[in-house]
Amino acid sequence: MIETRVLNGQVIEGVTVLDAIGDAEGLRVFFAAGTDPNRIGRQGKVVPQQAISVNSSLMVRCDWSGKGRAALPVRGIAARIDVAAPEPGLFAGARVLMGARNGETPELVRDWLRHHVATQGADAALILDRVRPGEKGLAPALDTLLEAAPVTGLTRVVVVSSPVPLGHDAISERHPLQAPDAPGKDRMAVPETDPWTAPMAAMIVWEALRWRFLTDARAVAFLDVSDMLSPAPPGRRAFDLIDGSDLGVVALIGRRIYPWRVRKGQAATFGDHICDQFDNPGGNRRWVAAPARLPRDAPFRLVRIGGLKPGARDVAFFYRAMAAKTPENDADTPLAPKAGLVVDDDLLALARNGFGHDPILPPVSEGSGAIGVAASVPGRTAIVTCMKNEGPFVLEWIAYHRAIGVDDFLVYTNDCSDGTDTLLDLLQDQGIVAHRENPFRATDMKPQHAALEATEAEPIMARAGWAICMDVDEFINIHAGNGHLRDLYAAVGDANMISMTWRLFGNSDLHGFEDAPTPARFDRCAPQLIRKPHQAWGFKTLFRNNGIYRKMGVHRPKGLKPGLWEEISWVNGSGQPMPKDMLRTGWRSSLDTYGYDLVTLNHYAVRDAESFLVKRDRGRVNHVERDQGLGYWFRMNNNAEQDRSIQRMLPALEAEMAALKALPGVAAQHEACVAAHRKRIAELRDGDAFAAFYAEITGRRMQRLSRMHGHFGANVFLAGPDCVPDQVMDADVAGDFFFTVGDVDETAH
């Protein structure tokens, strides 16, 4: 069952050759990291034509028409190397698992094969076994296991070894010091370095395996043998996705998983790994590809193929079993903080039903409604947002939402000139946010929509319990309990969607910019009962990331899966059920569905007049073609009532903000953003057009109109403030006064 191969590796006068492959196209020579590309040159009939570098290791393609042995194409070395003939027929038409084994047990590899044949449709495997020459390798023991219990559907397994080490000059990858989340590393004894088992340095070896064995494979999934693809229905399995992908590449997004405990004296199995990390969104990446569809000069890399970028929907998921990956770990040494581990229901079911294993469970906390998880812990909450030149407002918004319980922030930016990008990078360095460049220019989508599509490939979203798309001028104002998300989640019971209706906050007659928290400065807003303008009751939706919808949307998740509509439990901001007719297209509340008893989404759309000049100059993230002019200010500047309910959270906001400013470089960069904002305000006010606009929005007329919205019909907001006569504006209107105009052909922006 098991076939073995050995790469043609050797060290010649200090140059490490990993392999050499010759065919009708010529010769490919693969060099380890550290080979000087300037030394590559013609040697006899071996004529280099192309060199491809992967992490400083090289593939050199040469003209050559010989057989068996060839001159080494390195100047100053007169040596010949063995040349292997490619064997594409081994995996022709197969769905191949390609991975490295670095000390994992043969039993684990057997389970790896069985799992992927059963759940993914794999039918072959190519395993790079990282063993020293003369050391007992994987093949004999695995062959015995498969003979005793064959895996139906598995047609071929090839185990490849290397006569030269492939790792860095570092400690073994099998040691817990190499586990990213292991606590107490400063107290661990550091072993000697071992390039035979250290993390891989010679990344070009995967390209060698490609050209030697895989050119005719139907598809290749690149994983370690301690990785397992998540079970999925036919059509959504990792190998299935290849057929519908534009590039022939599917991204794999991985989560590190852990056992609660492995039984004493036993090696870790996949079935032991039932825990996820509650407090760490980090992940790993790999890929699946169809070799025949790939550009010939796009090499296999660790997390991608060449420069190819799979589509946002070309994504599958996998788990990395960390106790199996670090077999040198002492059973008493945790690989992740126990306080951060929670049992994942899907992993527990997979352990029991997929692997037939009885894993050790953590003790059940008193009063807990689920294994290892207190009933009050709903899972991580993630916010996705887009920003452009929002520097002065970044810290206050993140601080506030951290204070109420948000765990993760995924921020997409584009074209920032005020230091927003730099500030977010500093916060990312400290694990506060994940900062991404908005990919909209590579699409035909608007910035916000492009960002939301890109989130589908993000580890943060793969592990989020709750998620929402919202903007930096929106603040979740929770009235339940102590104003924390856990109070809101407890108040809505088993709901899996919570739509929070906007309450439009105006400028509170403040004209000049101040570097002070937005919720502290602006306390005037629209009445709760105000149906117009139609934006007044727009909502944003916190939703359980449970797969009922296919993707995130601006106002609510989108792409409802028809068979799952009965699984939706959707409530408004008062905890009342939302109607079924809202499931597909709803984005704003109505007289029957608005509610603020439990939560309000405070929407500070204009802030002060000076900052609004910058907002107008910046442009919009979604309706990019629309100017934020006088019509927008008129609609969104609401000062009729006062609401200070959010201000009970100001002490928590200020404490979080102080903690953020204490991080390296953050306070200075915040000040730089504030200075850039002030500078842009001064530049805009010096220009005739913006100066006139500023005078208009700060004038008595607009100030008066900001308190009269409840008296206007919908067409007034479509026509803009100029349609309101002075006598109406100046009138001492009664509570039932109403004014409107006829149909409007074009909305005033």
Side-chain angles (χ1 to χ4, degrees), residues 54-55 57 96-100 102 112 116 120 122 128 168 173 178-181 199-207 209-210 219-232 236-242 245-258 273 276-277 280-291 294 298-322 324-326 336 380 382 384 408 410 412 428 431 433-437 439 442 451 453-464 545:
V54 177
N55 291 77
S57 52
V96 184
L97 300 165
M98 180 181 72
N102 193 352
W112 182 72
H116 289 103
Q120 301 292 332
L128 179 63
H168 291 279
E173 191 174 30
Q178 296 284 13
D181 308 307
M200 184 81 78
M203 290 297 179
I204 204 71
V205 73
W206 303 113
E207 187 72 352
L209 297 181
R210 170 190 182 179
V220 176
F222 180 31
L223 301 158
D224 289 341
V225 299
S226 51
D227 299 336
M228 58 176 175
L229 290 163
S230 304
R236 290 300 303 169
R237 301 178 303 186
F239 283 119
D240 299 336
L241 294 173
I242 284 292
S245 66
D246 293 335
L247 297 176
V249 181
V250 168
L252 297 179
I253 307 298
R255 294 161 53 192
R256 295 189 288 274
I257 58 175
Y258 300 85
H273 289 74
D276 193 5
Q277 290 187 91
N280 187 350
N284 302 92
R285 290 177 179 264
R286 290 298 176 88
W287 48 260
V288 183
L294 303 176
F300 285 7
R301 297 178 181 270
L302 187 66
V303 299
R304 66 185 189 279
I305 293 179
L308 301 181
K309 294 183 179 180
R313 293 183 177 85
D314 295 333
V315 177
F317 299 94
F318 72 95
Y319 302 111
R320 175 156 291 173
M322 290 305 299
K325 190 172 180 65
T326 54
R380 299 185 73 87
V384 177
D408 300 310
L410 181 55
Y412 290 84
Q428 179 172 250
V433 305
H435 178 213
R436 305 286 185 262
E437 178 70 17
E453 181 171 280
T455 64
E456 296 176 32
E458 287 288 340
I460 282 176
M461 302 311 299
R463 59 179 290 114
N545 192 25

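Quantities reported herein were computed from a predicted structural model and do not represent experimental measurements. In what follows, residues are counted from 1 in the order of the sequence shown. Computed from heavy atoms alone, side chains included, the values below leave out hydrogens, waters and symmetry copies.
- Between L294 and R210 the shortest side-chain heavy-atom distance falls below 4.5 Å.
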Trace of the side-chain contact (heavy atoms from CB on, under 4.5 Å) decision for D181 with R256: CA-CA 9 Å; D181 308 307; R256 295 189 288 274; 2.7 Å; yes

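- Here the CG atom belonging to L252 is positioned 9.0 Å from the CG atom belonging to D227, to the nearest 0.5 angstrom.
- Here D224 pairs with R286, R320, K325 under the salt bridge (charged side-chain N to carboxylate O under 4.0 Å, His left out) rule; sequence neighbours left out.
- Taking CZ of R237 as the reference point, atom CD1 of I242 lies at 13.0 Å (rounded to 0.5 Å).
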side-chain contact (heavy atoms from CB on, under 4.5 Å) evaluation trace for R436 with Q428: CA-CA 10 Å; R436 305 286 185 262; Q428 179 172 250; 3.2 Å; yes

Verdict with supporting geometry, V54 and F300, side-chain contact (heavy atoms from CB on, under 4.5 Å): CA-CA 8 Å; V54 177; F300 285 7; over 6 Å; no

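- The minimum heavy-atom distance linking A298 with I305 is given by the pair O-CG2, 3.5 Å.
- For the pair F239/V250, no side-chain contact is recorded, criterion being any heavy-atom separation below 4.5 Å from C-beta on.
- When all heavy atoms of E173 and N102 are compared, the closest pair comes out as OE1-ND2, 3.1 Å.
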Evaluation steps, side-chain contact (heavy atoms from CB on, under 4.5 Å), between M461 and I253: CA-CA 10 Å; M461 302 311 299; I253 307 298; over 6 Å; no

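- Qualifying ring pair (Phe, Tyr, Trp, His ring centres under 6.0 Å) partners for W112, counting only residues two or more places apart in sequence or in other chains: H116.
- When atom types are taken as modelled, the side chain of S57 and the backbone of I204 share a donor-acceptor pair closer than 3.5 angstrom.
- One N or O on the side chain of Q120 and one on the backbone of S230 form a donor-acceptor pair closer than 3.5 Å.
- At distances below 3.5 Å, at least one donor-acceptor pair connects side-chain atoms of H168 with backbone N or O atoms of M200.
- Side-chain N or O atoms of D408 include none that pairs as donor or acceptor with a backbone N or O of I460 at under 3.5 Å.
- Scanning all heavy atoms of the two residues, the minimum distance from V384 to Y412 falls at CG1-CE1, 4.2 Å.
- No donor-acceptor pair closer than 3.5 Å links the side chain of W206 to the backbone N or O of M98.
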Output side-chain donor-acceptor pairs under 3.5 Å for residues 307-318, partner residues at least two apart or in another chain, one line each.
| unit_1 | atom_1 | unit_2 | atom_2 | d |
| --- | --- | --- | --- | --- |
| R313 | NH1 | E453 | OE1 | 2.9 |
| D314 | OD2 | G311 | N | 3.4 |

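- Side-chain contact between L128 and V205: present, with at least one pair of heavy atoms (C-beta onward) separated by less than 4.5 Å.
- When all heavy atoms of I257 and Y319 are compared, the pair lying nearest together is CD1-CB, 3.4 Å.
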